[in-house]
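To start, the structure under review is shown below, and the notes come after it.
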Amino acid sequence: MALHPAPITLTPGVRSALEEKVASLIDSETGTIGPEIYADPYLHELEQERVFGRCWLLVAHESLIPKAGDFFASRMGEDPVLVVRQKDGSIAVFLNQCRHRGARLCRADLGKTKAFQCTYHGWTYDLGGNLVSISKSDAVGGDRIDKSEWGAIKVAKIHNFYGLIFATWDEDAPSFEDSLGETRWYWEAMFNRPGGTEVIGGVQKWEVPANWKFGAEQFASDIYHFDYTHVASALAMMPEGMEYQEPPPLEGRQFRDRGHGGVATPMVEMSDMQTAMAMGMEVMRYNQSTRDAHAKLVGEQAAKQTQFVHANMFPNMGILPLNQTLRIWQPKGPNAMEVWAWTLVDRDAPEDIKKQCRIKTQMTFASSGVFEQDDAENWTEIQRVLRGTKARKTLFNNMIGANESKDPSGKYPGRTDRAQSEAASREFYSWWRDLMLQPVQGE
Amino acid sequence: MAFETVASLDDIEDEGTFVVDGEPKIVLFRVGTDVFATQFFCTHEDAPMDDGWVGDDCTVECPWHASKFDLRTGEALGPPAFEPLQTYPVRVEDGAVMLDRG
Ligand code: FES
Ligand code: FES
Ligand SMILES: [Fe+2]
């Protein structure tokens, strides 16, 4: 098994040198990026501590673990965690690491269990991560060890947001809702679905040799690339006999706050056409049929006059609502990410609609998706160029868009800019910079 | 001692368990329409056997270290446990589960 490069342990002196570096690499005012943020192994470690060690992170969808004892082996940054349904129906999240010598408590990706027995010396933990048995206790004097002090390390807080399970290591983290800031309306609209949602078809995992921030940033703020990166795929997806026309300029607003970003468009008719092309007529009609019920939950504007195009919840949860792909950009060292992707559907949708969604998502955004491959190729390309020292010192331009703050039509809440902007990308990097400059507990 | 009614068959899911409190504490295991009873704690390291995995071959697997026991005899079928589980006589009559704690 190939191991990625040995991690670096940061010291206070190194941290403060890195802070200076971060401050000089991201210019939030002008919108420039020093690309060492994508490649430097020291910054990667600081990012693990201060971004992934502090933010609310998506760890699972509750539909993966419906019954007591069901578990999903997830990650919070580079740390492996177990997400486990308890006997009382609640969910526990804890570090997937034995307190004896640190082997994983559980090596399966998902399943059902009564307890987690470490494969090395057999220490055993209950569903909540509490140490319940030190093996051969009588013979090895295990009674002298207070088991209550040697349970698996638990996250500080857990939140269930319409079926999405989030966790944070930070005791002082704001509530999940507060962490959404001015973007809350948009996330509610996307995830508060009539009857709730579920993920189907298993999780797909694939590695892209590029930093995780390329995926996150693009989903937060970049529809700009579509007509260039994806033109060949878009042509290939055209129905027989239809001419490819220049797409009309995308109306709508790009929302941003606290590192989050995404686009909402009022061009519902056009979006429906795109849905018909990408997901099939039946799925488009099904979506239309749910709008009245959806409006009861989130209001007319969100349910009937808006389509959500793309979004990234800081730091690393991406969604394309139209293509129904939900994913996590898992960091894997500075030079690679592992994408974990699911097909997200309404729990109450008819089976044939769910099946359509699953198949169509595979064709567009998934390991086999044509659009997915276009994007991954660009990110890989950038990362490869960053092997060069000259290249790593060359600033990137992140200045597209007008930095507007208010929607002139008054329809979309919070700070927003035009749909084709990099305002949300600037927001992403400036939030990232702010977090990187603030120590977390336990450094 | 004699048989006393401790549960009704419907209280126990098939391949499920049911705890009978008291002295000694006992676990009932249901396999189809049969019910078996053993001591509560595993003979290896004291795992609660009501958390065990019940097999349709009349076995239970310990939740902690996966030793299997024969529910009919209590015999330990594989390590790390070697000592048998104490078993108790059970009768099912008209849907009532009757246990003799001895
Ligand atoms: S490493 Fe887990 S029991 Fe030793
Ligand atoms: S406690 Fe039952 S096998 Fe170890
Ligand atoms: Fe793309």
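The sequence lines fix the lettering, A, B, ..., with proteins before strands; numbering per chain opens at 1. What you see below is based on every heavy atom in this structure, not just the backbone, and it leaves out hydrogens, waters and symmetry mates. Note that the structure is predicted; figures quoted are calculated from it, not measured.
- The pair A/K114-B/D50 fails the salt-bridge criterion, with no side-chain N (NZ, NE, NH1 or NH2) lying under 4.0 Å from an Asp/Glu carboxylate O.
- Counting heavy-atom neighbours within 6.0 Å of B/E93 CD, excluding the residue itself, gives a total above 12.
- Around the CH2 atom of B/W53, the shell of radius 6.0 Å holds more than 12 heavy atoms that belong to other residues, nucleotides or ligands.
- With a 6.0 Å radius and a threshold of 12 heavy atoms from other residues, nucleotides or ligands, B/D94 has its CG atom at or below the threshold.
- At most 12 heavy atoms of other shown residues, nucleotides or ligands fall within 6.0 angstrom of atom NZ in A/K136.
- How far CD1 of A/I134 is from CD of B/E45: 9.5 Å, rounded to the nearest 0.5 Å.
- Taking all atoms of both residues into account, the shortest heavy-atom contact from B/P63 to A/A115 is O-CB, 3.5 Å.
- The 12-atom threshold is not exceeded at NZ of A/K355, counting heavy atoms of other residues, nucleotides or ligands nearer than 6.0 Å.
- The most heavy-atom pairs under 4.5 Å with chain B, out of A/T113, A/V132, A/D126, come from A/V132.
- A donor atom on one side chain and an acceptor atom on the other are not found under 3.5 Å apart for B/H65 and A/S135.
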